[in-house]
Amino acid sequence: MLSVHELSDNAVLLIEKYRTKHDDAQLAIVDKIWSEAQRKNSRLFDGSILSCISDSSDRITSTIDNYRLFFSKKNHPVLLDKIKIMPIAVSGILECKDGFVFGKRAKFTTQDADLWELVPSGGLDASITNDINTYDFKQQLLTELYEEMGIHQDMLRTITPFCYVIDHEASVLDIGIYMYSDVNQETINHCFTTVRSFEYESIVFIPRNIIIDYIAMERQNISSISVAIMEFFLKKR
């Protein structure tokens, strides 16, 4: 189940300096699950992630935790029922002169493979936190925008947070951010083909005047998070 909440355009993401204390018996199970997963896939990496501990319209508070906990709980939710973790991610709405940009996720991606989604999107890298207790999630989205689409931030006229979505089943929080660029479809296509993104197989442009019909017709082929974010955005505009 998804729930969508309004987020102030000057909202902050706070980071508590303490780490969540998890049950020792549950951590032992996590270690076994993670070791087995790494044996099957040596590319798995246990990085630091930001996990939400509270949320409101003007602030989201997080703590730093380990990806292996989320990975293990996602695959064994009943076994690890005492592990409390909710990774925070960013999801953009990119609009240009020719419409909203959607990317088709590559077949090998671990989440929403072969589905269309709003671009860009990605988790928050807790390894780049600074000495203060806030995290620049807009800058992280701009990093994703360049890495996945080849678009520089100076090509944007607007970057505005407006909502956050909680996936209660997957236990993930996505911050929705609207971006507008004055460039056209040809320019964005050139950026995309130049960067050679491994995240998306292709991109499409959906004009604003048909976006509601597009969502209705292609709903089953679009990431549920993207549908929720776009519908909330259109309702507010």
Side-chain angles (χ1 to χ4, degrees), residues 2 13-55 60-92 103 105-113 115 117 119-131 133-148 164-177 197-200 223-226:
L2 303 181
L13 174 53
L14 303 178
I15 305 172
E16 296 286 354
K17 294 305 180 184
Y18 69 87
R19 282 188 175 246
T20 302
K21 175 65 176 175
H22 297 289
D23 181 81
D24 289 339
Q26 296 262 287
L27 289 176
I29 297 172
V30 167
D31 289 341
K32 289 181 180 179
I33 293 171
W34 183 251
S35 295
E36 178 63 18
Q38 280 195 311
R39 187 183 66 79
K40 295 178 179 179
N41 182 2
S42 60
R43 297 177 63 185
L44 281 176
F45 174 70
D46 183 24
S48 295
I49 62 174
L50 292 183
S51 176
C52 176
I53 55 177
S54 69
D55 59 274
I60 296 171
T61 305
S62 67
T63 185
I64 297 175
D65 222 319
N66 294 97
Y67 173 73
R68 73 176 186 274
L69 276 76
F70 174 67
F71 174 90
S72 301
K73 179 162 185 174
K74 180 181 177 182
N75 290 282
H76 300 275
V78 177
L79 192 61
L80 297 172
D81 61 314
K82 294 180 182 177
I83 296 290
K84 304 301 180 185
I85 189 166
M86 181 181 287
I88 302 172
V90 284
S91 292
R105 292 182 62 81
K107 292 180 174 61
F108 64 82
T109 51
T110 57
Q111 186 174 347
D112 294 334
L115 292 181
E117 75 170 8
V119 301
S121 67
L124 301 185
D125 184 1
S127 68
I128 60 174
T129 55
N130 50 35
D131 292 333
N133 66 339
T134 60
Y135 187 95
D136 190 348
F137 58 87
K138 288 193 288 186
Q139 185 57 52
Q140 179 66 26
L141 185 73
L142 293 173
T143 298
E144 298 286 345
L145 183 66
Y146 181 71
E147 291 179 350
E148 296 177 2
Y164 62 98
V165 181
I166 297 178
D167 185 333
H168 296 274
E169 183 177 346
S171 192
V172 175
L173 184 151
D174 274 83
I175 299 173
I177 304 174
S197 170
F198 293 104
E199 193 78 20
Y200 302 115
S223 157
S224 59
I225 295 291
S226 290

Any chance you could measure Lys73, atom NZ, to Ile33, atom CD1, to the nearest 0.5 Å? 11.5 Å
If you apply the rule side chain to side chain contact (heavy atoms under 4.5 Å, CB included), what do you find for Ser224 with Leu2, and how did you get there? CA-CA 8 Å; Ser224 59; Leu2 303 181; 4.0 Å; yes
How close do Leu173 and Cys52 get, counting heavy atoms only, and between which atoms? CD1-SG, 3.9 Å
Between CD1 of Ile60 and OG of Ser54, what distance do you get to the nearest 0.5 Å? 9.0 Å
Heavy-atom pair with the smallest gap, counting every atom of Asp81 and Lys84: O-NZ, 3.5 Å
Could you walk me through whether Ile49 and Ile85 pass side chain to side chain contact (heavy atoms under 4.5 Å, CB included), step by step? CA-CA 10 Å; Ile49 62 174; Ile85 189 166; 3.8 Å; yes
Calculate, to the nearest 0.5 Å, the distance between atoms CG and CG belonging to Leu50 and Leu13 respectively. 6.0 Å
Evaluate the side-chain proximity of Gln38 to Asp46: yes if any heavy-atom separation is below 4.5 Å, no if none is. no
Which residues share a side chain to side chain donor-acceptor pair (under 3.5 Å) with Gln26, sequence neighbours left out: none
Out of Ser223, Ser226, Ser91, which residue meets the side-chain contact (heavy atoms from CB on, under 4.5 Å) rule with Ser121? Ser91
Among residues at least two apart in sequence or on other chains, which ones pass ring-ring contact (aromatic ring centres under 6.0 Å, His included) with Phe71? Trp34
With side chains defined as the heavy atoms from C-beta onward, is the minimum distance between Leu80 and Asn75 less than 4.5 Å? no
Measuring from Ile64:CD1 to Ile15:CD1, what's the distance to the nearest 0.5 Å? 5.5 Å
Might you point out which heavy atoms bring Glu144 and Gly123 nearest each other, and give the distance in Å? OE2-O, 3.9 Å
Is there side-chain contact between Asp65 and Thr20, with heavy atoms separated by less than 4.5 Å? yes
Shortest non-hydrogen contact from Phe137 to Val90? O-CG1, 3.8 Å
Phe198: what forms a ring-ring contact (aromatic ring centres under 6.0 Å, His included) with it, not counting sequence neighbours? none
Can Glu16 and Asn133 be said to form a side chain to side chain contact (heavy atoms under 4.5 Å, CB included), step by step? CA-CA 7 Å; Glu16 296 286 354; Asn133 66 339; over 6 Å; no
CG of Leu142 to CD1 of Ile177: how many Å apart, nearest 0.5 Å? 8.0 Å
Less than 4.5 Å apart, side chain to side chain, heavy atoms only: is that true for Ile29 and Ser72? no
Side-chain heavy atoms of Phe70 within contact of Val172, under 4.5 Å: yes
Side chain to side chain donor-acceptor pair (under 3.5 Å) filter on Ser62, not counting sequence neighbours, yields none
When rounded to the nearest 0.5 angstrom, what is the spacing between NE2 in His168 and CE in Met86? 7.0 Å
Are the side chain of Asn66 and the backbone of Arg68 linked by a donor-acceptor contact shorter than 3.5 Å? no
Taken in chain and number order and not counting sequence neighbours, the residues that satisfy side chain to side chain donor-acceptor pair (under 3.5 Å) with Ser35 are none
Residues at least two apart in sequence or cross-chain that pass side chain to side chain donor-acceptor pair (under 3.5 Å) with Glu147, listed by chain then number, are none
Within the side chain of Tyr67, is there an N or O that forms a donor-acceptor pair under 3.5 Å with the backbone of Pro87? no
Is it true that Asp24 and Lys21 make a salt bridge, defined as a side-chain N closer than 4.0 Å to a carboxylate O? yes
